Amino acid sequence: MRQRFLPAPLLSLALFGLWLLLNHSTSVGHITLGALLGWAIPLLTRGLRPLPVRVRRPGTILRLALQVVYDTSMSNFHVVRFLLFPRYRRHPADFVLIPLDLRDPNGLAVLAMIVCITPGTAWAEISRDRSMLMLHLLEVDDAAKIAAHVKSAYERPLMEIFE
Amino acid sequence: METVLALAIGVLAGSGVWLLLRPRTFQLIIGLCLLSYAVNLFIFSMGRKGLAIAKEPVLHLGVPENLSNYADPLPQALVLTAIVIGFAMTALFLVVLLASRGMAGTDHVDGIKAQDAQEML
Amino acid sequence: MPDLWLWLGTWMPHLMLVPILLPMTTGALMLLLKEEHQRSKIMLSTLSLVLGLVVAIALLHWSSQHPTPGVYLSGNWAAPFGISLVLDRLSALMLVLTYAIALAASVFAMARWYKVGVHFYVLFQFQLMGLAGAFLTGDLFNLFVFFEIMLAASYGLLLHGSGRLRVQAGLHYVAINLVASSLLLIGTSMLYGLTGTLNMADLAQQIPLVVEADRALLHSAAAILATAFLIKAAVWPVNFWLVPGYSAATAPVGALFALMTKVGVYTLLRLWTLMFSSSAGASALFGGQWLMVGGMVTMLVGAIGMLAATRLTYLAGYAAITSSGTLLAATGFGEPALLAGLLYYLPSSTLAVAILFLLADAIDRWRTHGTSQIDLDDEEAPFLSHELLVTDHMNLDDEEQALIGRPIPAAAAFLGLAFLLCTLVVAGLPPLSGFLGKLAMLTALLPLTSAVGSPLLLPTASTWIFFALLIGSGLLALIALTRAGIRHFWAAHERAAPEIRLTEGLAIAALTALVLALTIHAPSALHYTSSTAADLHNPQGYIDAVLQARPIPNPGAAGQEEEAP
Amino acid sequence: MPLILLIILPFVGSLLAAVLPANARNTESTLAGIISLVCTVQAALLFPEIANGQVLRQEIAWLPSLGLDFVVRMDGFAWMFSMLVLGIGTLVVLYARYYMSPADPVPRFFSFLLAFMGAMMGVVLSGNVLQLAFFWELTSIFSFLLIGYWHHRQDARRGARMALTVTGTGGLCLLAGLLMLGSMVGSYDLDAILQAGASIHQHPLYTPMLVLVLLGALSKSAQFPFHFWLPHAMAAPTPVSSYLHSATMVKAGVFLMARLWPVLSGTDEWFWIVSSAGAATLLLGGYVALFQNDLKGLLAYSTLSHLGLITLLLGLNSPLAAVAAVFHIINHATFKASLFMAAGIVDHESGTRDIQRLSGLRRMMPMTSTLACVASAAMAGVPLLNGFLSKEMFFAETVFLDAAPWVRILLPLVATLAGMFSVAYSLRFTVDVFFGPAATDLPRKPHEPAHWMRVPVELLVLICLVVGIFPALAVGDILRAAATPVVGGVLPEFSLAIWHGINTPLIMSVIALLGGIALFGSLHWLRSRAVLGQRTPVLHRFSGKRAFENLLARLSWLARAWRRGLTTQQLQWQMLWLLLLTLVAGALPLLLRGMQLGQRNDLPLSPAFAALWGLGALCALGAAWQAKYHRMAALIMLGGAGLVTCITFLWFSAPDLALTQLVVEIVTTILILLGLRWLPRRDQTLAPLTAQTNYRARVRRIRDFLIAVSAGLGCAWLAFAMMSRPFPESTSTFFLEKALPEGGGTNVVNVMLVDFRGFDTFGEIVVLGIVALTIYALLRRFRPARETMDLPEQQRFLAGDLQTDLLNPRNAQDTAIGYLMVPAVLVRLLLPFATMVAVYIFLRGHNEPGGGFVAGLVFSVALLLQYIVSGTQWVEAHLPLFPRRWIGVGLLLAVATGLGSIAVGYPFLTSHSFHWTLPVLGEVHLASATFFDLGVFALVVGATLLILTALAHQSVRAHRYHSRLLEESVLPKD
Amino acid sequence: MSATDFPLWLQWLIAIFALLGAAVALLGSWGLLRLKTYYERVHAPAIIATMGCWLIMWASTAFYLASDTGPTFATLLIAVFVAVTVPISTIFLMRAALFRDRRAHRAVPPSISSTSLARTPPPPPAKLS
Amino acid sequence: MTAALSAPLTWALPAAILLLALAMVLTLLRMLHGPTAQDRVLALDCMYLNGMLLVLVLAMHYASEVYFETALLIALFSCVGTTAMAKFLLRGEVIE
């Protein structure tokens with residue numbers, strides 16, 4: 001029943017928030033309209049979103065978010081420094097292979113987002129069976145360390161959240 | 001500012017015209033796109049009181065509704081229509097171009113084989 | 001019947017919307033029908049066209065009864081702020097012509113042509129909407145929009161049925177017209193920039209007021225705008241797209257296209273008489289001589305093209321060019337009497353060219369027994385080999401051919417008569433309207449001097465050239481058309497009777513009847529066109545009607561519902 | 001009976017005849033006979049009034065604005081001609097009844113014949129010169145149709161065409177001339193013109209007018225040098241020849257000259273043109289007639305000769321000569337018509353018209369022979385026959401002419417020589433055909449024709465005799481009545497006696513007779529020695545027909561050559577012309593009136609903006625430069641230019657434009673990319689440029705570059721000139737003021753789109769819909785080039801390690817796999833958000849930048865992203881969209897909104913706002929424009945999706961094709 | 001409330017944020033231009049999408065909050081959207097670059113998917129949880 | 001100088017705009033230079049990002065609240081063009 005009438009509550013909530021943000025208004029009319037749209041749009045586009053999303057452990061989410069913010073900021077500084085002072089480059093750029101245990105597409109998508117918004121790291125390729133991830137890094141000192149960091153800092157929380 | 005915009009229109013139009021005179025259909029369609037940018041900017045520049053900065057024609061309470069406070073909305077409406085029609089025509093031309101390419105086997109505008117045409121330049 | 005017109009007249013001015021909205025609604029409705037429902041689509045389309053024709057005639061009737069044009073303020077905004085539709089005699093005339101040709105072409109298409117692609121009738125309806133809109137609108141930019149509707153639909157119709165020739169011709173046609181549209185936009189926007197208005201009537205008022213320093217720009221804008229319209233009116237040297245394009249189109253589409261060049265002429269006529277009328281101050285009659293020269297060169301090129309053409313559709317295409325050149329040149333003179341003749345000549349030549357397109361289809365099918373494609377090699381000149389081969393001696397009975405006539409099958413006779421009629425109209429020979437139209441223009445060129453011995457105003461050189469071209473182009477057309485006619489109807493006697501479907505015959509017959517009606521009712525038609533010409537020559541009536549039209553006043557807050565006009 | 005009936009009745013008969021069944025020979029001829037007889041009798045009954053010198057006149061206002069009133073006017077001359085037309089017409093109808101075969105489709109014949117009669121009557125009775133020209137051309141047309149009656153014969157077709165071309169051309173010249181004449185006189189009315197008299201000789205336009213009128217008259221009467229069409233017109237059935245080409249139509253030319261004689265004649269131009277043409281024809285026709293072997297050919301040339309005689313008479317500028325001309329018109333019509341009919345009888349009964357084969361017919365058909373002999377004697381000018389009288393008058397005129405001495409000597413000589421020819425060919429007609437041994441090898445055995453077929457001949461011959469013997473009694477009054485109007489009122493003294501005593505003309509007659517007999521004898525002798533061939537000595541080299549056909553052929557070739565030169569089918573040239581024309585049109589007024597720039601202060605230059613446009617310009621130039629080989633690069637740079645344009649719109653306060661430009665830009669990019677798949681890769685196999693083509697290429701490029709530069713400069717200059725000018729007051733303030741109170745929105749641009757200028761938007765969405773439908777229709781029949789039909793290069797025959805995770809979504813149930821997995825998740829998440837944004841943009845449109853159009857595109861782009869990532873099939877399986885219905889619904893919604901205002905009494909598209917106060921939600925504000933915008937939204941979504949998915953579906957087709965190839969294992973292995 | 005009426009500290013804050021963001025964007029673009037290989041260049045825009053974007057976003061949020069109109073927190077949405085869309089384009093671009101380099105036999109790592117899987121023609125429909 | 005210090009926004013924002021415009025020019029250079037197609041696409045992507053930031057700063061500079069939607073749409077859709085182009089490079093067709 002819930003599946004049929006409210007296919008994606010999280011999405012609906014997000015859309016509702018989006019609506020209020022866009023209109024920067026909390027009037028009754030907007031709340032009603034936002035709720036209505038937040039309910040209707042997922043329903044109408046349901047056909048194109050076949051993957052159910054289940055999210056658990058809000059605490060982990062928060063932790064992960066903080067971790068991401070921290071990592072992103074650090075790598076930003078690294079990249080800026082790298083660009084400003086190219087002479088002080090310490091390591092060459094290279095591809096890094098990371099074996100994966102995470103299989104959930106949503107989790108992988110979040111991982112991709114994290115990797116991609118982190119400067120100096122780019123998602124290069126994922127194997128077809130999702131068992132292996134290839135990243136490209138601007139500076140690679142120790143591939144194993146990087147792999148371990150990705151697995152511990154990102155993959156594990158993600159597995160907790162999505163699986 | 002006006003000079004820059006005028007020059008910009010000129011460059012866009014010139015590039016478009018150059019491409020219009022080329023023999024390949026793809027050059028033609030890019031040329032038409034560039035030309036339509038030029039034309040859109042040209043129409044846009046015809047507004048009352050010329051170009052206006054930070055005078056969007058979105059009314060604010062208490063600001064007198066005249067042309068010294070708001071940009072001329074009419075050319076904007078015209079450009080909007082022109083953009084849409086230009087888009088439609090680009091799409092149509094593209095498909096005609098593809099069909100011509102499919103039927104004639106070449107992407108020359110006259111549908112002749114490249115080897116026959118000395119003018120594939 | 002008069003009751004019907006009266007009754008319809010009570011619906012003015014809303015009636016003016018019908019020629020635009022009716023085809024559009026019909027087209028939209030047809031889109032909602034499934035593709036299998038061809039029959040109902042045809043029914044719907046025909047019904048709508050018949051209704052449209054009735055309304056167009058009612059509008060014609062209305063406008064012939066009313067000295068001032070009808071004005072419709074769309075959105076209830078007074079001119080020059082909103083977009084106004086204006087129905088004067090000229091637009092009413094064009095509307096009737098449009099709907100008549102469209103109805104015939106659509107009936108003709110019922111027999112076979114609609115099947116060669118999808119959405120034929122939908123596009124047809126939209127084309128009609130564009131045409132009607134272009135004739136009715138009183139706003140320059142809105143004119144552009146309706147031109148685009150018309151062109152977009154014409155692209156679709158031209159490409160209807162696909163095939164290499166159509167696509168190739170379509171590519172050129174689209175490319176040229178896209179550039180023309182850009183020019184149209186540039187010209188329109190410059191005019192707006194200089195006068196601050198887009199309403200044609202208001203433009204007419206503003207143009208004399210343009211400051212002297214801006215007049216060069218104004219003229220430049222007008223010239224660019226005119227170039228865009230001249231491209232559509234197929235003036236030389238920007239008319240090369242026309243013949244391949246029109247002849248590649250399917251027959252009913254070709255017939256409808258016969259009208260399209262006239263839209264260019266109409267627009268030029270409308271804008272030029274409004275903007276650069278003799279009361280336009282320093283800009284009075286701007287560019288008239290260019291129109292004249294361009295028109296005359298076009299006439300010549302069209303006539304030469306007719307003479308050189310071997311395919312009937314090419315013949316028809318060049319005939320369209322000639323007629324459009326004639327009209328342009330006549331426009332350029334700016335004489336009311338000439339204008340009256342021109343306006344009478346316009347529908348008849350358009351109808352003739354439309355019939356020619358339809359006939360060409362029937363004849364080509366006859367010639368090839370409806371099987372193979374037409375031999376499209378235009379580079380050879382078959383007529384030189386067997387009909388025009390120079391022979392030396394003359395003896396009347398060498399061939400010993402039977403001196404017994406061959407009966408002509410009814411269908412062939414029908415086609416032949418229709419062809420003869422087209423020949424007469426295009427060449428301007430009596431007794432049909434083509435002759436009367438040309439005569440009207442000729443007499444206008446050489447007006448009667450009041451009395452013998454009165455000081456004479458000798459006509460100018462351009463008058464003479466136009467005079468000679470009017471007659472000479474008719475002659476060349478006569479040579480070309482008789483050659484084609486003899487080749488198709490007389491020389492080829494072994495063939496079986498042509499197969500014409502009832503609807504095809506009906507379409508041709510209807511248009512033919514229209515030409516005949518135009519001839520028979522020449523006095524009233526000419527009366528109508530000369531009052532049209534007088535109106536065009538004196539645009540103040542038009543301007544006043546548009547600018548003095550008042551929107552319906554706001555009744556104020558009425559109960560729960562507040563209505564903003 | 002009103003005179004006009006004389007014109008109308010034949011036309012009515014023609015229409016009736018046309019609808020009768022094909023085999024109704026008797027009915028047809030009866031109908032035609034009755035009509036012509038009735039007309040004849042009616043006309044004849046008018047004689048008393050005419051003889052009194054009355055001019056009968058009826059006016060029917062027809063086209064007064066053109067000066068084309070329908071004036072039927074009958075004076076003596078017209079009466080005489082009407083009698084000829086109608087009387088001989090009656091006889092010809094009778095004759096034709098028997099002449100035409102039962103198998104002939106006679107309705108056509110009689111219909112055209114009657115119509116011709118009507119047209120001819122129209123010419124004769126016209127009281128208005130334009131009306132005359134009108135009927136004049138009609139006679140040409142019906143003559144054309146009648147000559148081409150046996151259209152299966154090539155000679156008939158050619159003869160018809162030649163006749164029409166020559167006389168039609170002449171008719172057009174005549175029209176021009178008559179227009180000029182009318183303009184000179186101030187009226188097209190014949191009476192007015194005739195009254196103007198000789199006064200117009202002084203008019204500067206007299207000579208051109210005269211030449212034009214004479215071109216018409218001379219070509220119609222087959223006068224030299226236009227004579228050649230007439231013999232070829234003999235391909236017509238004999239009744240037609242005898243009617244049109246001897247008695248009536250060819251007489252129209254001389255009729256006209258006689259008609260306008262009072263006005264036009266009397267000048268040297270007239271004398272020289274008319275009489276020399278006449279004299280030349282007179283001699284030429286006679287001479288050529290001598291050598292004809294075809295009966296009708298002989299008669300045709302003799303007709304020429306006699307017409308030449310009449311013309312010569314009219315050209316002599318003497319009233320008496322004019323009278324003689326009128327008299328000869330009558331006489332010639334009678335004897336020549338009878339001769340043609342006799343020849344037709346011979347042809348009909350014996351099966352041939354070849355004089356060399358015919359002989360001794362006197363025995364088989366004595367009556368016909370006698371009649372033919374009498375008629376040809378009249379033609380030869382034997383005394384006691386009518387031909388003699390008019391010939392005598394002619395001879396007399398040539399002798400008593402008042403002209404230059406050499407003319408006075410030459411003219412009688414010419415006349416006598418022509419008389420000799422006339423006698424000789426008349427003898428040839430009679431002696432060779434009817435006398436001598438009976439022919440044996442004729443196709444048919446000749447015998448006398450049916451009695452009624454001979455009756456017309458008998459009647460005509462009778463007239464010849466009567467006129468010849470009792471001239472004054474028989475035709476005196478008629479001639480007097482007929483000639484008076486021709487000479488302009490005062491008839492000169494003339495006597496219609498057989499015997500005037502022995503005078504010069506008589507001597508000339510005798511010489512002509514004797515000389516003619518001698519000439520005939522010698523020719524006969526030569527012919528029997530086979531010295532003479534089939535061709536006319538000397539003159540066969542100058543074939544008018546050949547010249548004519550050469551001329552037409554040359555004209556056609558010339559036209560083709562000109563067309564090649566004057567037109568082009570190459571798009572590049574067309575573009576070149578177009579741009580040049582535009583440049584000239586745009587620049588010329590500026591150059592003529594001087595270019596001035598305005599004084600308006602510049603906005604302060606922002607370096608960032610300059611940098612931005614440096615970038616934009618580079619992008620544009622780069623796109624222009626790369627579009628030939630690096631399409632992708634060009635497309636990318638186009639995107640750059642688009643982005644800069646978008647930012648420019650924003651910079652100059654046009655957020656709506658920026659939004660639209662941005663989204664359109666994105667859709668266009670996808671669109672062109674979709675198309676790129678079907679374009680060929682860069683063609684490496686181009687033939688290398690030779691030195692010559694290289695040079696030409698460089699010239700072309702330089703030329704194009706110059707045009708491009710001037711176009712660019714022109715645009716820039718115009719834009720700058722416009723921007724720097726002070727602007728006049730405009731309508732815009734109105735929009736700003738009214739947008740909120742009456743339009744109900746604060747975003748003036750949007751209010752303008754949906755309200756002030758809603759009609760534009762209305763049209764614009766229709767354009768979009770049309771284009772989408774067109775694209776859909778065109779792609780249904782899309783046939784990609786063969787090499788592109790295969791899979792794209794990226795998907796073909798690759799090593800496995802390249803493919804690995806690259807999957808075609810077509811082959812997967814859920815397309816979120818392989819490299820697409822992560823993007824698919826994100827893109828699918830994006831859809832609801834983008835939809836929400838679309839709704840937001842849609843709803844705020846009236847007050848803030850946005851609106852239905854942008855919202856529609858946003859929604860479409862979000863959907864397209866799904867297509868890109870998940871493939872066509874998956875998307876359409878999971879979310880069926882019916883784009884055409886969206887289009888239809890969108891249009892209907894827009895129309896319905898517009899019409900809604902009509903329902904409440906306001907014009908189309910008047911916007912209304914509704915305000916409700918609801919319990920919890922407070923005030924709800926709804927404008928009818930929103931519904932309109934909703935229509936726009938639906939249409940945009942439908943159209944965009946239709947366009948792009950129709951293109952995308954081609955890929956599916958290609959894959960299907962590819963897998964079919966795989967199945968059939970015909971895929972080339974390489 | 002117009003921008004010049006803002007408290008000075010706020011103005012400085014906004015100015016610094018905006019300038020820094022713009023500088024980062026310039027630096028990233030500079031990197032895009034300067035770096036040697038494509039794979040290095042890919043990283044340069046990332047700082048624009050993160051640092052540049054966030055800095056300018058905070059600047060404008062502060063600006064709108066202070067001027068009391070406009071989108072205020074809605075500007076956050078931009079950063080969110082960028083975060084969602086950047087991976088999409090990056091993943092596609094990287095994959096395309098790898099593909100093209102491998103085809104051109106340039107020195108890039110081989111595919112990490114098993115090649116045997118790739119050779120089997122249409123793969124079995126992958127059913128996801 | 002005091003004016004500049006007392007109203008830093010008056011010069012800082014134009015400076016930021018200039019920097020962003022220059023950044024766009026740099027991306028253009030990469031776009032022109034190539035050398036590979038993916039470089040150009042990447043440059044276009046980057047140009048869009050810079051353009052978006054430019055719009056945001058421009059909005060502050062002119063104190064406009066209506067530029068935001070444009071930036072929002074760029075953020076939302078800049079990936080579309082890039083994705084389509086990348087997909088074209090990768091698969092030879094945009095929509096399979």
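Naming: A, B, ... by sequence-line order, numbering from 1 per chain. Keep in mind that this is a model prediction, so the values were computed, not measured. Only heavy atoms go into these numbers, but all of them, side chains included; no hydrogens, no water, no symmetry mates.
- For chain D, the nearby parts of B:Val96 are the backbone and the side chain; heavy atoms of each come within less than 4.5 Å.
- Looking at D:Thr761, neither its backbone nor its side chain comes within 4.5 Å of chain B, counting heavy atoms on both sides.
- Shown here is B:Lys55, whose NZ atom has more than 12 heavy atoms of other residues, nucleotides or ligands within 6.0 Å.
- A pairwise comparison of heavy atoms in B:Ala6 and D:Ala716 identifies O-CB, 3.2 Å as the closest pair.
- Neither the backbone nor the side chain of D:Leu578 comes within contact range of chain B, judged by heavy atoms closer than 4.5 Å.
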> Stepwise, does the side chain to side chain contact (heavy atoms under 4.5 Å, CB included) test hold for D:Trp613 with B:Leu12?
Replying inline: CA-CA 10 Å; D:Trp613 267 111; B:Leu12 286 173; 3.8 Å; yes

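- For the set D:Ser606, D:Ala634, D:Ala739, the entry with the most heavy-atom pairs within less than 4.5 Å of chain B is D:Ser606.
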>> Using side chain to side chain contact (heavy atoms under 4.5 Å, CB included), reason through B:Tyr37 and D:Gln661 one step at a time and then give a plain yes or no.
In response: CA-CA 9 Å; B:Tyr37 290 157; D:Gln661 171 73 35; 3.2 Å; yes

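- Using a 4.5 Å heavy-atom cutoff, the side chains of D:Phe735 and B:Leu74 are in contact.
- With a 4.5 Å cut-off on non-hydrogen atoms, D:Gln569 touches chain B through its backbone but not through its side chain.
- B:Pro57 and D:Val749 get closest at one heavy-atom pair: CG-CG2, 3.5 Å.
- Residue with the most contacts toward chain B among D:Leu638, D:Leu605, D:Thr660: D:Leu638 (heavy-atom pairs, distance under 4.5 Å).
- Atoms CZ and CD1, on B:Phe93 and D:Ile775 in that order, are 12.0 Å from each other to the nearest 0.5 Å.
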> Does the pair B:Val84 and D:Val664 meet the rule for a side chain to side chain contact (heavy atoms under 4.5 Å, CB included), with working shown?
Replying inline: CA-CA 8 Å; B:Val84 176; D:Val664 164; 5.6 Å; no

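- Here CG of D:Leu753 is found 9.0 Å from CG of B:Leu78. Values are rounded to the nearest 0.5 Å.
- Of the two parts of D:Leu718, the backbone and the side chain both hold a non-hydrogen atom closer than 4.5 Å to a non-hydrogen atom of chain B.
- Note: B:Ala77 leads B:Ala82, B:Gly31, B:Ala13, B:Ala77 in heavy-atom pairs under 4.5 Å with chain D.
- With a 4.5 angstrom heavy-atom cutoff, D:Leu571 touches chain B via backbone and side-chain atoms both.
- Two residues are said to be in side-chain contact when any heavy atoms from C-beta on lie closer than 4.5 Å; D:Leu676 and B:Phe26 meet this criterion.
- By the 4.5 Å heavy-atom criterion applied to side chains, B:Leu21 and D:Arg703 are not counted as neighbours.
- Between chain B and the residues D:Asp760, D:Ile947, D:Ile672, the largest count of heavy-atom pairs under 4.5 Å involves D:Ile672.
- The distance from atom CG of B:Leu98 to atom CD of D:Gln954, rounded to the nearest 0.5 Å, is 8.5 Å.
- With chain B as partner, the option from D:Asp704, D:Asn747, D:Val767 having the largest number of non-hydrogen pairs under 4.5 angstrom is D:Asp704.
- Listed for the B:Gln76 side chain is a donor-acceptor partner under 3.5 Å among the backbone atoms of D:Ser653.
- Between D:Leu618 and B:Val11, every side-chain heavy-atom pair lies at or beyond the 4.5 Å cut-off.
- D:Ala623 approaches B:Leu19 most closely through the heavy-atom pair O-CD1, 4.3 Å.
- Only the side chain of D:Met752 has a heavy atom closer than 4.5 Å to any heavy atom of chain B.
- The most heavy-atom pairs under 4.5 Å with chain D, out of B:Leu7, B:Asn40, B:Leu34, B:Thr25, come from B:Leu34.
- B:Leu35 contributes atom CG, which lies 7.5 Å from atom SG of D:Cys715 (distance to the nearest 0.5 angstrom).
- Here B:Leu92 is the residue among B:Ile9, B:Leu92, B:Leu20, B:Asn69 with the most heavy-atom pairs under 4.5 Å with chain D.
- Nearest heavy-atom pair across B:Met1 and D:Pro604 is CG-O, 3.4 Å.
- With chain D as partner, the option from B:Gly86, B:Ala91, B:Ala71 having the largest number of non-hydrogen pairs under 4.5 angstrom is B:Ala91.
- The nearest pair of heavy atoms linking B:Ala88 to D:Leu768 is CB-CD1, 3.5 Å.
- One distance of note links CZ of B:Arg22 with CZ of D:Arg700; it measures 7.0 Å at 0.5 Å rounding.
- By the 30° and 60° cut-offs, the orientation of the rings of B:Phe44 relative to D:Phe652 is tilted.
- Between chain B and the residues D:Gln626, D:Glu665, D:Met637, the most heavy-atom pairs under 4.5 angstrom are made by D:Glu665.
- Between B:Glu2 and D:Met723 the shortest heavy-atom distance is O-CE, 3.6 Å.
- With a 4.5 Å cut-off on non-hydrogen atoms, D:Phe649 touches chain B through its backbone and its side chain both.
- Contact count versus chain D (heavy atoms, under 4.5 Å) is highest, among B:Leu41, B:Ile30, B:Thr90, B:Val39, for B:Leu41.
- The contact between D:Leu579 and chain B is made entirely by side chain atoms (from C-beta outward), counting heavy-atom distances below 4.5 Å.
- Contact tally against chain B (heavy-atom pairs below 4.5 Å) for D:Leu621, D:Ile770, D:Leu740: the top residue is D:Leu621.
- Residue D:Leu951 touches chain B through its side chain alone, counting heavy-atom pairs closer than 4.5 Å.
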> Could you go step by step and tell me if D:Val667 and B:Phe87 meet the side chain to side chain contact (heavy atoms under 4.5 Å, CB included) rule?
Replying inline: CA-CA 9 Å; D:Val667 180; B:Phe87 160 67; 3.5 Å; yes

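- Contacts of D:Leu671 with chain B are made by both backbone and side-chain atoms, with heavy-atom separations under 4.5 Å.
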